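Report on one structure; see the data block that follows.
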Amino acid sequence: MAQMVPAVYVFGDSLVDVGNNNYLPLSIAKANHRHYGVDFLNQKPTGRFSNGKNAADFIGEKLGLATSPPYLSLISKGNKNENNVSFMNGVSFASAGAGIFDGTDQRYRQSLPLGKQLEYYSNVYEELTREVGASALQKHLSKSIFVVIIGSNDLFGYFESSELRKKNTPQEYVDSMLFSLKLQLQRLYDNGGRKFEIAGVGVIGCCPAFRLKNQTECVVETNYWSVQYNKGLQSMLKEWQSENEGIIYSYFDTYATMSDLIQNPTVHGFTDAKAACCGLGELNARAPCLPVSNLCPTRQYHVFWDQYHPTEAASRIFVDRIFDGPSTYTSPINMRQLVAA
């Protein structure tokens, strides 16, 4: 397939992590064991929180590009290719457990929060400036796509922490998430980003881990604040665009897409939109996906792969909509239009 853009630079959490966390020695948020990757090339775990490909892979495919490699793999000592690694072809900074806030990763002990991902990106930016010069780099980056998929872990963190809930009302917390995200997006803009694909958070209260706590029903309060965050995100993006010249973005309504899969599973070829495919106990959600966990035989019929993450089949639908989605799911434009803009 023809390459549609020069590169994709990916920022975010486990929905798009393609292996950065494998390089973090202390992290317990790792998908480097079975049954992760059971449907991936050679049935090998790769650090993707999926049975196969995740959204980052499908975005690459749509754009005619190889998946952007994990930054930490490119700079790791074991990488013999040291001098030859080009960040020009795209890089992924995404890290499982990452949030907009730095403190989010306490539950997983180690991840690259968004601030750290941005710090690594500015290293890349400086290195590329030396390599190709400022004006060639600006031209390259202005046509590249910057994907930002983050926020779920901040909300998980809030609803699972009595301490955070004592400190902030949910509204205050959501507002500070948005304030912080806007500053981070501005850093990307200041370092050359012009075209952005930004996703809202999904139906967090319906993932198997949350249903388990609520007699298998979705947790309404968590979903309510996911919706509030997404509304705030959309107005923040409009405001941010109006303050800077040349920003073009596509917002993806992960929540609406996920709701559609959960409410109308059979329309999309799914038979189970509640339980995890890999796990233990009720809804397969009492334990993470571990080598000892149950593995469902028909992954393609499940919306959820583990306690929190979509299957490859669900991720493919997400990206089909990100790319060609009608305005129900993408606004003000979809990714295909973002590329052409």
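Note that the structure is predicted; figures quoted are calculated from it, not measured.
Remark: the backbone N or O of D17 is not paired with any side-chain donor or acceptor of S14 at under 3.5 angstrom. With hydrogens and angles ignored, the 3.5 Å screen pairs no side-chain donor or acceptor of N264 with any backbone N or O of V267. Checking side-chain atoms of R194 against main-chain N and O of Y189 turns up a donor-acceptor pair under 3.5 Å. In terms of modelled atom types and a separation under 3.5 Å, the side chain of Y158 and the main chain of N168 share a donor-acceptor contact. Judged by distance alone, with hydrogens and angles left aside, the side-chain atoms of N244 form no donor-acceptor pair with the main-chain N or O of I247 at under 3.5 Å. Formation of a donor-acceptor pair under 3.5 Å by the T311 side chain with backbone atoms of H302 is found in this model. Under the 3.5 Å distance criterion, the side-chain polar atoms of K195 are matched with a main-chain donor or acceptor of A341. S293 places a side-chain N or O within 3.5 Å of a backbone atom of P288 that can act as its donor or acceptor partner. Between the side chain of Q307 and the main chain of A285, a donor-acceptor pair closer than 3.5 Å is present. A distance-only check finds a donor-acceptor pair linking the side chain of S50 to the backbone of G52 [under 3.5 Å].
Put simply, CZ on R316 and CD on E61 are 7.0 Å apart, with the number rounded to the nearest 0.5 Å. Within the model, atoms OH of Y173 and CH2 of W225 stand 13.0 Å from one another, a figure rounded to the nearest 0.5 Å. Note that CD of Q186 and CG of N191 are 10.5 Å apart. Values are rounded to the nearest 0.5 Å. Rounding to the nearest 0.5 Å places OG of S176 at 10.0 Å from CD of Q171. Within the model, atoms OG of S68 and CZ of F93 stand 9.0 Å from one another, a figure rounded to the nearest 0.5 Å. The distance from the CG atom of L114 to the CD atom of Q184 is 4.5 Å, given to the nearest 0.5 Å.
A 4.5 Å side-chain heavy-atom check between N20 and S92 finds at least one atom pair inside the cut-off. Residues L283 and F304 have side chains not in contact (no heavy-atom distance under 4.5 Å, counting atoms from C-beta outward). Residues Y249 and L185 fail the side-chain proximity criterion, which asks for heavy atoms closer than 4.5 Å. E119 has its side chain out of reach of L112: every pair of non-hydrogen atoms, C-beta onward, lies at least 4.5 Å apart. Residues V18 and T46 have side chains not in contact (no heavy-atom distance under 4.5 Å, counting atoms from C-beta outward). K182 has its side chain within reach of E243: a pair of non-hydrogen atoms, C-beta onward, lies under 4.5 Å apart. Counting heavy atoms from C-beta on, the side chains of Y120 and L72 come closer than 4.5 Å. Y71 has its side chain out of reach of Y121: every pair of non-hydrogen atoms, C-beta onward, lies at least 4.5 Å apart.
Screening residues 300-341 for disulfide bond (SG atoms under 2.5 Å apart), with sequence neighbours left out, gives no hits. Residue pairs meeting the disulfide bond (SG atoms under 2.5 Å apart) criterion with at least one member in residues 141-206, sequence neighbours excluded: C206-C218. For residues 198-214, the side chain to side chain donor-acceptor pair (under 3.5 Å) pairs, not counting sequence neighbours, are E160-K213.
Not a single ring pair (Phe, Tyr, Trp, His ring centres under 6.0 Å) links H140 to another residue, sequence neighbours left out.
Checked options Y9, W240, F11; the residue passing with F196 is W240 (criterion: ring pair (Phe, Tyr, Trp, His ring centres under 6.0 Å)).
Counting heavy atoms of neighbouring residues, nucleotides and ligands inside a 6.0 Å radius, atom OH of Y301 does not exceed 12 of them. Remark: E245 CD is loosely packed, at most 12 non-hydrogen atoms of other residues, nucleotides or ligands lying under 6.0 Å away.
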Which is it for L141 and F146 under the side chain to side chain contact (heavy atoms under 4.5 Å, CB included) test, yes or no, and what are the steps along the way? CA-CA 9 Å; L141 293 175; F146 287 72; 4.0 Å; yes
Applying side chain to side chain contact (heavy atoms under 4.5 Å, CB included) to V148 and L188, what does each step give before you reach the verdict? CA-CA 10 Å; V148 183; L188 284 178; 4.2 Å; yes
Test ring-ring contact (aromatic ring centres under 6.0 Å, His included) on F159 and F210 and set out the steps. CA-CA 10 Å; F159 287 104; F210 272 74; 7.3 Å; no
Criterion side chain to side chain contact (heavy atoms under 4.5 Å, CB included) on F58 and I322, from CA distance to verdict: CA-CA 10 Å; F58 290 123; I322 284 175; over 6 Å; no
Under the criterion side chain to side chain contact (heavy atoms under 4.5 Å, CB included), I'd like the reasoning laid out for F252 against I149: C-alpha separation, chi angles, the key distance, then a yes or no. CA-CA 10 Å; F252 176 63; I149 298 183; over 6 Å; no
May I have the step-by-step check of ring-ring contact (aromatic ring centres under 6.0 Å, His included) for Y125 and F87, ending in yes or no? CA-CA 9 Å; Y125 182 79; F87 298 127; over 10 Å; no
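By the 4.5 Å side-chain criterion applied to Ile, Leu, Val, Met, Phe, Trp and Tyr, F179 is assigned to a cluster that also includes L183. Taking Ile, Leu, Val, Met, Phe, Trp and Tyr as hydrophobic and joining them when side-chain heavy atoms fall under 4.5 Å apart, one finds L212 isolated, its cluster having no other members.
Between the side chains of S95 and N21, a donor-acceptor pair is found at a separation under 3.5 Å. Side-chain contact annotation: T67 with D57, donor-acceptor N/O pair under 3.5 Å present. Neither side chain, D306 nor H35, offers a donor N or O lying under 3.5 Å from an acceptor on the other.
A salt bridge links K62 to D320: one of the charged nitrogens lies within less than 4.0 Å of a carboxylate oxygen. Ion pairing between K166 and E163 fails under the 4.0 Å rule for side-chain N and carboxylate O.
In terms of heavy atoms, S250 sits closest to T330 at OG-CB, 4.3 Å.
Using cut-offs of 30° and 60° on the angle between ring planes, the pair F270 and H268 is tilted.
Aromatic rings from F49 and Y308 are positioned such that their centres are separated by 6.0 Å or more.
Cluster membership for L338 and V5, using ILVMFWY side-chain heavy atoms within less than 4.5 angstrom, is shared.
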